[in-house]
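Shown next, in C-alpha cells, is the structure this report addresses.
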Number of protein chains: 2
Amino acid sequence: MATIYDVSFLAGVSLATVSRVVNNTGKVSDKTRQKVMDAMEQLDYRPNTIAQSLASNRSNSVGVLVSQLDGPFYGPMMREVESVLRAANKHVIIAAGHSDEAQEKDAVEFLLSRGCDALIVDAEIVSNDYLVQLCRGKTPVVLINRMVDGIAEYCVHLDNLKGGYLASRFVLDAGHRQVAYISGPLFKLDARERLQGHKQALAEKGIPFDEALFHEGNFIEEGGYEGMAKLLDSGKSFTAVVCANDQMASGAIALCLERGLQVPEDISFVGFDNIPFPRYISPKLTTVTNPIQSMGKMAANWVLQQVYDCRDAVFNHKFEPELVVRDSVAKLS
Amino acid sequence: MATIYDVSFLAGVSLATVSRVVNNTGKVSDKTRQKVMDAMEQLDYRPNTIAQSLASNRSNSVGVLVSQLDGPFYGPMMREVESVLRAANKHVIIAAGHSDEAQEKDAVEFLLSRGCDALIVDAEIVSNDYLVQLCRGKTPVVLINRMVDGIAEYCVHLDNLKGGYLASRFVLDAGHRQVAYISGPLFKLDARERLQGHKQALAEKGIPFDEALFHEGNFIEEGGYEGMAKLLDSGKSFTAVVCANDQMASGAIALCLERGLQVPEDISFVGFDNIPFPRYISPKLTTVTNPIQSMGKMAANWVLQQVYDCRDAVFNHKFEPELVVRDSVAKLS
DNA sequence: CTGTTAGCGCTTTCAC
DNA sequence: GTGAAAGCGCTAACAG
C-alpha cells in the first residue's frame, strides 16, 4: 500500500502538499495539484484513515448503540443513520445493548474507547444519571427514544404518551368499554408512557383501569401470544385489546385466530409502531406510527452538524405519533 | 484523557512495561503489574485504540457489508456477527450496499480504507471477478450468501437450489399440479438458484414450466402483492403459489385475502427464509429455513480464527435448508 | 523481567 | 503556494 511519502516523492512535492490536496484544504496551484493527483492515481494511493485519525484526533466514525440489531424496529432507524453518515464519509460502528445494563455500559465504553467522534445511543436500561454523565462528557451524544431531564437538548424521542392515548382513544371512540391492555416491559420508559396514555384515555371516558385486563408483555410476538392467552383464560370479558406494539399485537391476534376467534368481529386490536409486516396480515392492523426512521435521520444529521459542521438542520426533539386506521377495530356503537 | 506516558510516569516504569500489562503480553512481575494497574486506575486510563491500530497495524475492527440494514433478513445475521465479534472485543463497522453495484463497491472501499482487519461481505451485485479480486487481496474476506468458483473456500452459503426444490416438491407432493411461482429478482443469484430448484421439482413430476405462471418479483411484500394480482388477473388457473421468500408470500397472501380468497382452501402457499413474522399470521406459512444466523456466526468465528487466531472452529461452507411444514398448503390428493 | 528507541502514516503549525 | 519538522499515542524489536 502506497503511503503519502511515496506520493510526495513521485510527485516531487512535500508531504504537506500531498496532504493538502488529499484533504482539499489550503491553497495548492493547479499544476501542483495535478502532479499530485497523477501520482496518487499511478500508485493507487489511498490514505490510511487510522493514521489520519491519530494525527487529526478525529476518527470520522460515529458509534451507534441500539438494543437489538434484529427485529423490525431498529433496522429502519439504522438504515437512515448509515445512509446519512456514509454519504458524508463517516463510519458507522454498531453495538447492541440487548436490554442489559452491563452490556449497554460496556457497549458505550467500547464505542468511546474506539474514539468515535459522536455517539447515537438508544439506551433502554442505564440510568438517567449515567446518561447525564455521558452527555456531559467530551464526546457528543444524541439520545434516541429517551427523554432525560437536564439533557433534553440531546434527546430525540417520540411522544409515547400521546401515542398510547391515541390508540386507546380510538378504541374507546369506537364504542368499546371493556378494553384490555398488553403492555411492554415496564422497566422501559416508552412502555410506561404508552400505558400512561392508555390510562389517560380511559380516565377521560370515566372508565376505571382494571388490573385484570392488564398484562405486562415483552414487546415481542411471544409476549403478545402469551398475554392474550392469559387474558382470555382469566374469564374476564373484553371486546378490544390495545397492544403496546405491533409485534405483541401480531402474537395476540395469532392466538385468537388459533382459538377460532374473529378479528375484529369478536375482538378488536390496536398496535403501536406501524412496522411493515402487519400491513400484510389479515386483518390489517390499526396502529400508531413511530417515525423511527425520521428520528434516526435527525440524529445522524445532528451529529453531522455538531461534530463535522456540515449542513445545518433544525434539531427536532419531539416527534409526534399518528393514528393509522386500518381494519382491526370493530365499531360497536 | 490520560496517555500511556502519564501512566508510565506515575507508575515509575517504562512505556513498554505499561504496554505489556495493557496487552497482557510478555512477562511482567506481579509487583510491577500492580503498580501499573494502580496508576491506570487512578488516571482512569484507557488506551487510545486508534494509536494502537496505527502502531500495530491492526484495527481490531471487522467490516460488514449487507445489502440492507432493515428488513427481517439481515438483522438476525448481524446480531450474531456483532455478538461473536464484540465478545472478542472487535469492532463491527457496517455498510449497506442497497443492491446497487456502485454502492457495493463503494462500501467495500470504504471498509477497506478504514483498515478493517477482515470483511464479511454479502454482495448481491458486484461481479464474481470483482469478488475474486477482493479475496485475493490482503484483507481476509468471507462471502456470505454467495458461492463463487475459485474462491469457494471463502464462501458461506445456503443450498438455495435444494431449498427451492424442497418447497416446490412439497406442493407437488400435496397433489398440486398448477403451481405458480413468484420469484426474486433474477439478477440475484439466490433467486436464480431457488427458481432452478423449482424447475427441477417440476421436471421430476413431468410438469412443464409455464411462463404464464411465473412472475419475477423483488423479494419484498409489495412485489408479492403485485405479482399475485398479475397472476390472478391473467386468467390462468392454479392452485398453489411457491414464493421465493416469505416477504413476497405475505404480500401475495394479503392480496388473496383482500379478494376474498381463502388460504389454503382456494390457494396454497409456500415461502422461503422462515423469517419470524409469518409464524404469527394466518394461516401459518409453510416455508423453508434459511439459517442466516448460523451463517453469520460461522462467518464471524472464521474471522476470529483467521485473523485473530482465537478459537478454532470448523468452517462450514454450505448450509442446508429444511422444510418447515405449517398450515398454508392444502392437500389435494 | 524491564527499558530504549524507532517508527506506524498522516496533519498541522510555522517559516519561507 | 510550498516545505520542514514536530508530534498524535502506542507497539515492537532489541538490548540489557
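Chain identifiers are assigned alphabetically (A, B, ...) following the order of the sequence lines, protein sequences preceding nucleic acid strands; residue numbering begins at 1 within each chain. None of the values given here were measured: they were computed from a predicted structure.
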Among C:dG3, C:dT12, C:dG9, find the nucleotide with the atom closest to the side chain of A:Ser19.
C:dT12
Closest to the A:Ser14 side chain: D:dG3, D:dG1, C:dC10?
D:dG3
Counting the atoms with a prime plus P, OP1 and OP2 as sugar-phosphate, which does B:Ser56 contact under 4.0 Å by heavy atoms, base, sugar-phosphate, or nothing?
sugar-phosphate
Is the side chain of A:Ser59 donor-acceptor paired with the backbone N or O of A:Gly115 at a distance under 3.5 Å, no angle test?
yes
Which part of the nucleic acid, if any, lies within reach of B:Val22 when heavy atoms closer than 4.0 Å are counted: base, sugar-phosphate only, or nothing?
nothing
Can you tell me how far C1' of D:dT2 sits from CZ of A:Arg33, to the nearest Å?
13 Å
Hydrogens and angles aside, do B:Asp122 and B:Asn145 bring a side-chain donor and acceptor to less than 3.5 Å of each other?
yes
Tell me what A:Asn57 touches on the nucleic acid: a base, only sugar-phosphate, or nothing, going by heavy atoms under 4.0 Å.
nothing
I'd like to know if the side chain of A:Asp38 pairs up with that of A:Gln34 as donor and acceptor (distance under 3.5 Å, no hydrogens or angles considered).
yes
Just to be sure I understand the rule, does A:Val18 reach a base, reach only the sugar-phosphate, or reach nothing, if contact means heavy atoms closer than 4.0 Å?
nothing
Quick check for you: among C:dC10, D:dC10, C:dC1, whose closest atom lies nearest to any side-chain atom of A:Gln52?
C:dC10
For the side chain of B:Ala16, counting heavy atoms from C-beta on, which of D:dG9, D:dA13, D:dT2 is nearest?
D:dA13
